[in-house]
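One structure below.
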Amino acid sequence: MNRLQQLFQNKKKDILSIYYTAGYPNLNDTLQIAEALEKAGADFLEIGFPYSDPVADGPIIQASSKQSLDQGMTLQILFSQLKDLRKTVTIPILLMGYVNPVLQFGVENFCKACAEIGIDGCIIPDLPMYEYEELYHSCFEEHGVSNIFLVTPQTSEERIRKIDGLSNAFIYLLSSAATTGKNLDVSANARTYFARIKAMDLKNPLMIGFGISDKQTFDAANEYASGAIIGSAFVKCLANGDVEKNVKTFMKEFRN
Amino acid sequence: MSYFVNEKGYYGDFGGAYIPEMLYPNVEELRQQYLSIIHEESFQQEFKALLKDYVGRPSPLYLAKRLSGKYGANIFLKREDLNHTGAHKINNTIGQILLAERLGKKRIIAETGAGQHGVATATVCALRGLECVVYMGEVDIKRQAPNVARMKMLGAKVVPATSGSKTLKDATNEAMRDWINNPVDTHYIIGSVVGPHPYPDMVSIFQSIISEETKKQLLEQTGKDQPDYVMACVGGGSNAAGMFYHFIDDESVKLIAVEAGGKGVDSGLSAATTYLGKEGVLHGSRSILMQTPDGQVVEPHSVSAGLDYPGIGPQHAHLFKTGRGKYVSITDDESLNAGLLLTQLEGIIPAIESAHALAYLEYMKFKGGENVVVCLSGRGDKDMETYMKHFNL
């Protein structure tokens, strides 16, 4: 059982996950941000490895990815920055990014590097379920890396059941079909959709992401899921000033 | 060996649908329905009628006598430049707009580089009364002002893509983001044989009219329906896919695809994808693309905006890898010279894209008497400024 699976076994509510882009705002901030977030009460983290063409992302994460790449970030560098991760960080860590850098790094090498460092899982939005199942599933399993799938309001029940079967940590429920960084519309529609998925009684716990930016949207998500994921709102707060101070200020709203 | 797509959406090692879950329902709907819709009799009737009466098809197959004399082979030009809106792009947009209507879509989005596909999309949207949004790189908007004005006059909204290099690749990213954010009522008309399955297959089917007509016209003019060579330029590769389509399984016909070498393939300013690229995933399919060792997409360069793309369609990657097609490149200067040559020998000003295919004739070794078809994919009106600057006209 990896750290992620343990977390979900021990904690059923109010789980807070934070996404940030590796190598942003400065190339070598990656580890320090992880340490600061753990100290401030985040339950687990998603560290984004940047890609030149992030089609699922809105302007904030696009800009952070570009800045990170301009500063020289690569997967190789990210793995070396995280080499001693487990000396200082104990919470589960996921890597999130697009499939092409993983393909170039080599799927086998990627899984191996994750296992060696102590990365618990990854989210690769443009890796389709069919390809994952055929080509990558066994490699991920062998190295104990959980692959996280996304579900949107348009995902069919049949497909959600299949995703549930292939998942072993949690399912990432998108608040709406949208790119990252839009505000959650906690409308009757969204609530009907969350309730519909909750009622499916899936074997995997749910985390809600995309559009979670403050305590209000976080609490709304918590009514239907084990917790929620914040990305763009956090990345935005890192733009200026001291990293540790920014993390503390941001997290205060969620963790007293 | 099959050179066409299999039921999983692959051409050999290439293709598939590498898309985020947000796009899955849209792409899946298309995948399940595109073939049955295209094969409906009412669809075919409407499609063929519009190609004939609106686009002006069949486009002529013209034996270019003076050009033939120069190269010592019978060089036929497939005149896609004579289509309405000036290029082959309209074959695809007519097909896709009819498909979008049958899927009940109310809103059309598209990406464009030089603006040819954007104009062809705006045109069919005006024709059918559908809302049209075209994404275009901020840099290209400045370079291609006349086409921007055309799109606006046709009623399209032209949205600048301001991310990345602000060119075609980024316009494609923005169109995909729009589709993610509008998952129900919108159809994305991709302009080339790229993107997730079923786009490459669907677009090549709509463009296959080029080789379908060519076969008939060759039979009439030469007594046999197979040429020795067919040649076409390749950016994403839609005119080449249409030009090759009905010849792919006939291995006696040699397929020659001409990429944009830019300032030279090793100059750092090139779009010669098969030479410079490696296998990977871009814009929803596994193919060959120009990228760093870390998998970041590299900015291409070509004098021709229509070939200025860092990837090629998955079918082309397959034709290249299997050796079925020969993939070569031509520099900016060579293409401009070939454009001037055609103009002065035949009185036809070609698009700089199409001039790349013509330029490779210089490198062909003919025994004499071979039949060669070159796809003249577009006309050069849009390129006059570039020609004027280069030749001090």
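Keep in mind that what you see is a predicted model, and the values were worked out from it rather than measured. The chains referred to below are lettered A, B, ... by the order of the sequence lines, with proteins before strands, and numbering in each begins at 1.
Closest non-hydrogen pair, B/L282 versus A/Y51, comes out as CD1-OH, 4.2 Å. Nearest heavy atom pair, residue A/V55 against residue B/I180, reads O-CD1, 3.6 Å.
In this structure, no portion of A/F49 lies under 4.5 Å from any heavy atom of chain B. Proximity to chain B is limited to the backbone of A/M73, based on heavy atoms less than 4.5 angstrom apart. For A/P54, the parts lying near chain B are the backbone and the side chain together; criterion is any non-hydrogen pair under 4.5 Å. Interface residue A/L174: only side-chain heavy atoms are found under 4.5 Å from chain B. Only the side chain of A/L69 comes within less than 4.5 Å of a heavy atom of chain B; its backbone N, CA, C and O stay farther away. Only the side chain of A/L103 has a heavy atom closer than 4.5 Å to any heavy atom of chain B.
Using a 4.5 Å heavy-atom cut-off against chain A, the contacting residues of residues 288-302 of chain B are B/L289, B/Q291, B/P293, B/D294, B/G295, B/Q296, B/V297. Heavy-atom proximity under 4.5 angstrom to chain A picks out B/G16, B/A17, B/Y18, B/I19, B/P20, B/E21, B/M22 from residues 13-22 of chain B. Scanning residues 1-9 of chain B against chain A with a 4.5 Å heavy-atom cutoff picks out B/K8, ordered by number.
Sorted by first then second residue, the salt bridge (charged side-chain N to carboxylate O under 4.0 Å, His left out) pairs that include residues 128-137 of chain A, not counting sequence neighbours, are A/E133-A/K162.
For the set B/N181, B/D170, B/V184, the entry with the most heavy-atom pairs within less than 4.5 Å of chain A is B/N181. Counting heavy-atom pairs closer than 4.5 Å to chain B, the top-ranked of the candidates A/I163, A/I124, A/T152 is A/T152. The residue among B/T172, B/N182, B/N173 with the most heavy atom pairs within less than 4.5 Å of chain A is B/N173.
Within a 6.0 Å sphere centred on CD of A/Q76, other residues, nucleotides and ligands contribute 12 heavy atoms or fewer. Atom NZ of B/K166 is surrounded by more than 12 heavy atoms from other residues, nucleotides or ligands within 6.0 Å.
Proximity of B/N26 to A/Q154: side-chain heavy atoms (C-beta onward) are nowhere separated by under 4.5 Å. Put simply, the side chain of B/K278 reaches to within 4.5 Å of the side chain of A/Q104, judged on heavy atoms.
For the atom pair OH of B/Y24 and CZ of A/R159, the computed distance is 4.0 Å after rounding to the nearest 0.5 Å. Residue A/S52 holds its OG atom at 5.0 Å from NZ of B/K169, rounded to the nearest 0.5 Å.
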